[in-house]
Amino acid sequence: MLLDGDAWQRVLHGFERSSFRLETLSEYRVPQEADRIRSFLEGERLPEDYHSAWMDRVADHVARGRRVQRVHTLVQPLSTYLQFEFMYYGPHSRAGEDIRILDLTERPNPGLPDQDFYLFDDHRVVLMHYTPDGTQISRELLENPDVDLYRHYREIALNEAIPFAEYVKT
């Protein structure tokens with residue numbers, strides 16, 4: 001089943017225990033980010049007191065005992081988009097999101113798919129579909145997913161990746 005609008009928001013924020021996202025692309029084309037990316041390219045950075053609705057949602061989930069996790073696989077050099085996205089990872093991590101990086105520049109992929117996905121509460125899988133340039137096509141809630149496989153992917157990703165704060169120190 002394809003998810004959009006309110007249906008997607010209900011799934012994205014309606015989990016009870018855990019939300020895990022695997023990100024695999026070096027660029028995501030999100031129309032709402034176009035102005036911010038232009039400003040980033042012109043040298044603008046987030047203010048020290050940056051705050052967002054996403055941070056509020058993450059903090060609320062964490063306060064309710066829910067895990068919000070993300071692993072982004074990448075290869076060096078970082079794309080401009082990833083440099084831009086990293087600017088947000090710090091504040092999002094401080095809000096409680098467990099963000100990790102799996103750098104595959106000098107190592108083989110440990111068995112992860114090249115498909116972005118979410119795993120919610122260990123049983124709901126949403127595949128994220130993109131065009132080659134990173135434009136999102138759709139979000140697909142799988143009807144009868146092999147949840148053991150996606151749990152396995154999550155465990156590989158979490159075990160092989162390092163926390164964002166540690167990654168940017170290296």
Side-chain angles (χ1 to χ4, degrees), residues 3-4 8-9 11-13 15 18-62 66-107 109-110 112-120 125-140 150 153-154 156-170:
L3 297 172
D4 214 357
W8 167 237
Q9 292 302 311
V11 171
L12 180 63
H13 298 295
F15 62 94
S18 63
S19 168
F20 171 80
R21 168 125 191 225
L22 179 68
E23 292 182 313
T24 63
L25 301 179
S26 62
E27 182 164 353
Y28 294 88
R29 295 203 182 241
V30 181
Q32 303 91 313
E33 293 178 339
D35 290 339
R36 287 183 287 160
I37 290 174
R38 261 191 301 283
S39 296
F40 174 78
L41 291 172
E42 293 169 359
E44 187 176 315
R45 299 300 180 260
L46 293 178
E48 289 294 319
D49 63 347
Y50 170 77
H51 194 83
S52 70
W54 177 253
M55 293 169 65
D56 289 340
R57 289 208 170 188
V58 167
D60 181 62
H61 287 310
V62 172
R66 301 172 188 151
R67 285 189 323 262
V68 180
Q69 300 172 302
R70 170 193 320 242
V71 171
H72 202 134
T73 63
L74 57 82
V75 294
Q76 295 284 341
L78 293 181
S79 67
T80 299
Y81 183 84
L82 283 176
Q83 293 171 44
F84 165 77
E85 189 169 52
F86 272 27
M87 183 172 64
Y88 291 89
Y89 279 178
H92 294 175
S93 294
R94 290 189 294 277
E97 186 174 2
D98 177 8
I99 301 174
R100 302 180 193 196
I101 304 299
L102 179 51
D103 191 329
L104 299 174
T105 303
E106 296 180 3
R107 62 176 288 193
N109 182 321
L112 294 172
D114 61 356
Q115 167 82 55
D116 284 31
F117 71 87
Y118 275 92
L119 175 62
F120 297 104
V125 176
V126 176
L127 297 182
M128 309 296 283
H129 299 289
Y130 298 91
T131 61
D133 74 353
T135 301
Q136 189 174 77
I137 301 169
S138 65
R139 300 171 200 95
E140 178 186 5
Y150 287 94
Y153 290 153
R154 179 189 59 200
I156 290 172
L158 291 172
N159 289 330
E160 298 288 330
I162 63 173
F164 173 73
E166 185 179 326
Y167 183 79
V168 295
K169 286 182 183 176
T170 60

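Here the structure is a predicted model, which means the values were calculated and not measured. No hydrogens, no waters, no symmetry mates; every other heavy atom, side chains included, goes into these values.
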Test of understanding: with ring pair (Phe, Tyr, Trp, His ring centres under 6.0 Å), list the residues that count as partners of [X], not counting sequence neighbours.
X	result
Y153	Y150
Y130	Y28
H13	W54, H61

Exercise. With respect to T24, which candidate in D114, T73, D116 satisfies the side-chain hydrogen bond (donor to acceptor under 3.5 Å, both in side chains) definition?
Worked result: D116
According to side chain to side chain donor-acceptor pair (under 3.5 Å), who are the partners of [X], at least two apart in sequence or on a separate chain?
X	answer
N109	none
E160	R107
E85	H72, Y89
Y167	Q76, D103

Exercise. Cation over ring, R45 on F40, under 6.0 Å and within 45°?
Worked result: yes
Exercise. Given R57 and D60, is the salt bridge (Lys or Arg N to Asp or Glu O under 4.0 Å) satisfied, shown in steps?
Worked result: CA-CA 5 Å; R57 289 208 170 188; D60 181 62; over 6 Å; no
Mind checking what makes side-chain contact (heavy atoms from CB on, under 4.5 Å) contact with [X], not counting sequence neighbours?
X	result
D4	R139
S19	F15, Y118, F120
V168	F86, F164

Exercise. Okay, side chain of Q83, backbone of L78: is any donor-acceptor separation there less than 3.5 Å?
Worked result: yes
For this session: Measure from the side-chain N and O atoms of R70 to the backbone N and O of E97, and report whether any donor-acceptor pair falls under 3.5 Å.
Result: no
Problem set entry | I37 side, atom CD1; E27 side, atom CD - distance, nearest 0.5 Å | 7.0 Å
Exercise. What residue pairs, at least two apart or across chains, pass salt bridge (charged side-chain N to carboxylate O under 4.0 Å, His left out) with a residue in residues 161-170?
Worked result: none
Problem set entry | Partners passing salt bridge (charged side-chain N to carboxylate O under 4.0 Å, His left out) against R66 (at least two apart in sequence or in another chain) | none
